[in-house]
Amino acid sequence: MRIATWNVNSAKQRMPRLLTWLEARQPDVVCLQETKLTDVAFADLLNEPLGDLGYEVAHHGQGGFNGVALLSRVGLADVERDFPGQPVFRGDTEARAISGTCDGVRIHSLYAPNGREVDSDHYAYKLEWFDALAAAIAAGPAAVALCGDMNVAPADADLFDPAAWVGQTHVTVRERQRLAALGLIDVTRVHWPEHPRLFSYWDYRAGMFHQDLGMRIDLVLASPPVAERVAAAWVDRAARKGKLPSDHAPVIVDLDEAPDGDIGPVVPPPSNPRRTGRTKLPHALD
DNA sequence: ATGGTGGAGTTTCCA
């Protein structure tokens with residue numbers, strides 16, 4: 001099963017690219033963020049072309065800002081908008097979370113609050129949002145993947161220059177603690193433990209992408225039953241190139257088949273690490 | 001030149 005997550009920065013502006021990219025990459029499950037559309041507008045624009053590509057679609061949007069979607073061609077069950085305990089900002093529950101079960105995995109498409117300035121009301125909201133998310137995930141299914149724009153760079157290695165972020169959001173200890181407290185595995189980093197430029201976001205301004213001055217804030221965070229199935233995990237930088245790109249690149253993760261629980265009593269071959277149960281994966285979140 | 005881009009939606013806010 002191929003899972004992808006992409007902050008498209010307006011599904012309307014990105015529609016031609018999105019459809020071309022889906023055909024090229026053939027993801028089975030797609031998490032989108034910053035659609036910036038209402039549910040009606042998203043459906044009017046995309047339900048037909050996405051249906052033609054074989055996807056079931058669930059969208060949660062408010063128009064203008066935020067907006068998340070979940071596409072699946074391997075089943076899309078028990079769709080939930082928001083998550084239990086999700087905080088409000090200035091009275092509004094923002095459209096930042098949608099989840100569904102796809103081929104046995106609970107998939108969350110998430111757009112974390114930006115935080116704006118450290119210690120602003122938006123920053124406090126961001127921390128509360130992560131706290132509530134952690135509680136909701138802990139109470140949910142064991143096989144889970146959080147996919148999306150988490151607006152936190154897990155480590156300094158996820159920044160082109162850590163000095164450029166001193167005093168700014170996305171890198172503070174409190175934000176990184178919230179990310180780590182989710183207790184999940186950052187599967188892209190696990191598969192590229194030493195990669196110095198595993199960025200997923202580059203500011204539109206000042207030629208940042210062309211100089212590869214970016215940061216990694218788009219993540220797939222998986223629980224052990226999912227993480228141990230990861231065969232590949234990468235950032236699709238090509239999708240950031242060319243005309244009218246999003247400022248984010250997609251992250252793509254391939255999962256091996258789930259272990260089959262219906263083949264009778266199994267004595268797992270001890271030489272196969274996939275069957276010996278997960279003990280430890282390197283480079284979990286700091 | 002006192003800025004750099006892009007998307008929202010009206011005029012400035014947001015990222």
With A:S72 via side chain to side chain donor-acceptor pair (under 3.5 Å) - residues at least two apart = none

query = Which nucleotide, B:dA8, B:dA15, B:dG4, lies nearest any side-chain atom of A:S10?
reply = B:dA8

note = Closest to the side chain of A:L244, out of B:dG4, B:dG7, B:dA15, is B:dG7

inquiry  = Can you work out whether A:F65 or A:A11 has the more 5'-proximal nearest nucleotide on DNA chain B?
reply    = A:A11

remark   = Taken to the nearest whole Å, CD/A:Q211 to P/B:dG4 is 16 Å

query = How would you list, by chain and number, every residue that makes a side chain to side chain donor-acceptor pair (under 3.5 Å) with A:N47, sequence neighbours excluded?
reply = none

request  = Pick the P atom in B:dT12 and in B:dA1, then give their distance to the nearest Å.
outcome  = 23 Å

query = What is the distance from CG of A:N151 to C1' of B:dC14, rounded to the nearest Å?
reply = 12 Å

inquiry  = For residues 68-103 of chain A, which residue pairs pass the ring pair (Phe, Tyr, Trp, His ring centres under 6.0 Å) check, not counting sequence neighbours?
reply    = A:F83-A:W129, A:F89-A:H122, A:F89-A:Y125

task = Round to the nearest Å and state the distance from A:M208 atom CE to B:dG4 atom P.
result = 15 Å

query = Do A:D247 and A:R240 meet the salt-bridge criterion of a basic N to acidic O distance under 4.0 Å?
reply = no

query = Excluding sequence neighbours, so at least two apart, what forms salt bridge (Lys or Arg N to Asp or Glu O under 4.0 Å) with A:E56?
reply = none

request  = Quick one: list whatever passes side chain to side chain donor-acceptor pair (under 3.5 Å) with A:H170, sequence neighbours left out.
outcome  = A:N151

message = When you measure from the centre of the six-membered ring of A:F199, is the NZ or CZ of A:R216 closer than 6.0 Å and no more than 45° off the axis?
response = no

remark   = A:K126 NZ to B:dC14 C1', in whole Å, measures 14 Å

ask   = Of A:P113 and A:N9, whose closest DNA chain B nucleotide lies nearer the 5' terminus?
value = A:N9

request  = Using atom NE2 of A:H210 as one end and atom C1' of B:dT5 as the other, report the distance to the nearest whole Å.
outcome  = 12 Å

query = Within the pair A:R116 and B:dC14, is there a side-chain N or O less than 4.0 Å away from OP1 or OP2?
reply = yes

task = Grab the CZ-C1' distance between A:F209 and B:dG4 for me, whole Å please.
result = 18 Å

message = Using a 4.0 Å cut-off on heavy atoms, which residues in residues 34-43 of chain A reach DNA chain B? List them by number, or say none.
response = none

key: Distance, rounded to the nearest Å, where A:Y204 contributes OH and B:dG6 contributes C1'   = 6 Å

message = Rounded to whole Å, how long is the line connecting atom NE2 of A:H122 with atom C1' of B:dC14?
response = 9 Å

inquiry  = Can you check the distance between B:dG6 and B:dT10, where both ends of the measurement are the P atom (answer in whole Å)?
reply    = 22 Å

